[in-house]
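Taking it in order: structure first as structure tokens, then the write-up.
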Amino acid sequence: MTPQAPSLLPDDLRMLERGWLSSNNIVCLGDTPAVIDTGHTKHAPQTVALVRELLGDRPLATIAHTHLHSDHCGGTGQLQAAWPSAHTWAPVESLPHVQAWDEDALTFGGTGQRCDRFTASSALVPGDTVRLGNYDWQIHAAPGHDALAVLFFEPLHGLLISGDAMWENGVGVIFPYIEGSDGFDTFTDTLTLIEQLAPRVVIPGHGAPFAREGGAIEAALASSRQRIDYFKAHPAQHALYAAKVMIKYQMMDFESIPHADFKAWLNAMPLMPLLHQQHRPDLSREEWLHMLMESLFDKGVLRRTATHVLNGS
Ligand SMILES: [Zn+2]
């Protein structure tokens, strides 16, 4: 975590750059301070402390989310406990799932991930504009990585909060494809929308902000499209990428876990059988998992002792 130097952002907009397990947090200062995306549950106390450091005595007025993956909303419950008067916004189609705390619809069930419970009262509706901090942000639908995700775009300064719809390097797992609800083209359409919005600065869910000046946004659009086109042509490779991401992400949370507990988690995760079928249906489930794990151990992504699986480098 590094507080982002404000070079690309106005002074009253701060991005707390986190890592992979926790998404970045974007803090809008001003009369009604807001935070967009709240990191993973594991880092929630740190998120509260970082936001408090930026706000000083001023209470947090609003919590908003690009989408409700566990690395983007895991700190929300503790932020709500720290600032009980804060108003919480969620993408419109996710709002009923939060209110009913439907862990399957919220994806925590399917991915075997954890997220502290929180509440939300307001819907981020594509086409609407919401005021967060000192800026009016347009809400745009951003399906692809997550079917229900939204973007926040501030046209006067050309600021785009992209969540996981666009990073400077790489693309996120395309969850709707795994579940058979949508294809790769939807993600490409979201990239076309971003291109049409023509942002000056993109503030991503992971990694540092990047700018149009110097060509970083254009390069990110091109490399994202290229990656999605590759996955479209080789969907088995997308399944392999997704399986590795899901396991690594979980081990960043667990850090260390007995072999039997890890196996139980792996076997209980509903997305794994789908990824197995999409990657190597010719192998048995056990053979496939063995091959997957061995490749993660070989590369040092994970480590193991006689008793435990450990997170690696
Ligand atoms: Zn995500």
Side-chain angles (χ1 to χ4, degrees), residues 15-26 35-44 47 63-76 89-95 97-98 103-116 118 120 124 139-152 160-179 181-182 184 186-191 193-194 202-208 220 224 227-228 231 238-239 241-253 269-271 274-275:
M15 192 192 89
L16 298 166
E17 186 174 350
R18 309 298 288 271
W20 180 9
L21 185 63
S22 269
S23 69
N24 296 332
N25 318 124
I26 296 96
V35 60
I36 301 167
D37 289 348
T38 67
H40 190 274
T41 288
K42 188 183 180 87
H43 301 144
T47 303
I63 303 167
H65 303 91
T66 57
H67 63 302
L68 298 185
H69 283 161
S70 62
D71 53 334
H72 289 254
C73 62
T76 303
W89 297 71
V92 58
E93 291 176 67
S94 299
L95 186 63
H97 305 322
V98 176
E103 296 212 340
D104 288 331
L106 289 167
T107 77
F108 315 135
T111 56
Q113 297 167 3
R114 66 190 177 114
C115 184
D116 281 350
F118 62 92
L124 295 163
I139 307 301
H140 295 270
H145 160 74
D146 176 76
L148 311 183
V150 297
L151 300 170
F152 296 76
L160 178 76
I161 296 171
S162 63
D164 291 346
M166 187 166 77
W167 301 331
E168 186 168 11
N169 300 302
V171 296
V173 170
I174 303 162
F175 286 98
Y177 177 79
I178 299 170
E179 290 157 335
S181 61
D182 209 342
F184 298 107
T186 307
F187 205 154
T188 310
D189 291 345
T190 293
L191 295 173
L193 166 71
I194 292 174
V202 171
I203 309 167
H206 303 268
S224 298
R227 189 81 178 137
I228 294 164
F231 284 148
H238 173 259
Y241 166 64
K244 288 181 173 176
V245 165
M246 305 304 295
I247 291 171
K248 174 64 177 174
Y249 178 88
Q250 196 59 28
M251 283 309 302
M252 290 168 78
D253 184 10
M269 210 250 264
L271 286 186
L274 299 177
L275 295 172

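Both ligands and their constituent atoms are indexed starting at 1 by order of listing. These numbers come from the heavy atoms of this one structure, side chains and all, not from hydrogens, waters or symmetry mates.
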So is R227 actually on top of F187's ring, under 6.0 Å and inside 45° of the axis?
-> no
H72 and H67 aromatic centres sub-6.0 Å = yes
Would you say the side-chain atoms of [X] and [Y] include a donor-acceptor pair closer than 3.5 Å?
X    : Y    : answer
T76  : T38  : yes
H206 : D71  : yes
Y249 : T111 : no

Closer than 2.8 Å to the Zn ion (ligand 1), which protein N, O or S atoms?
-> H67 NE2, H69 ND1, H145 NE2, D164 OD2
Side-chain donor-acceptor pairs under 3.5 Å in residues 142-151, sequence neighbours left out?
{"unit_1": "H145", "atom_1": "ND1", "unit_2": "V173", "atom_2": "O", "d": "2.7"}
{"unit_1": "H145", "atom_1": "NE2", "unit_2": "H69", "atom_2": "ND1", "d": "3.0"}
{"unit_1": "H145", "atom_1": "NE2", "unit_2": "D164", "atom_2": "OD2", "d": "3.3"}
{"unit_1": "D146", "atom_1": "OD1", "unit_2": "H69", "atom_2": "NE2", "d": "3.3"}
{"unit_1": "D146", "atom_1": "OD2", "unit_2": "L148", "atom_2": "N", "d": "3.1"}
{"unit_1": "D146", "atom_1": "OD2", "unit_2": "A149", "atom_2": "N", "d": "3.1"}

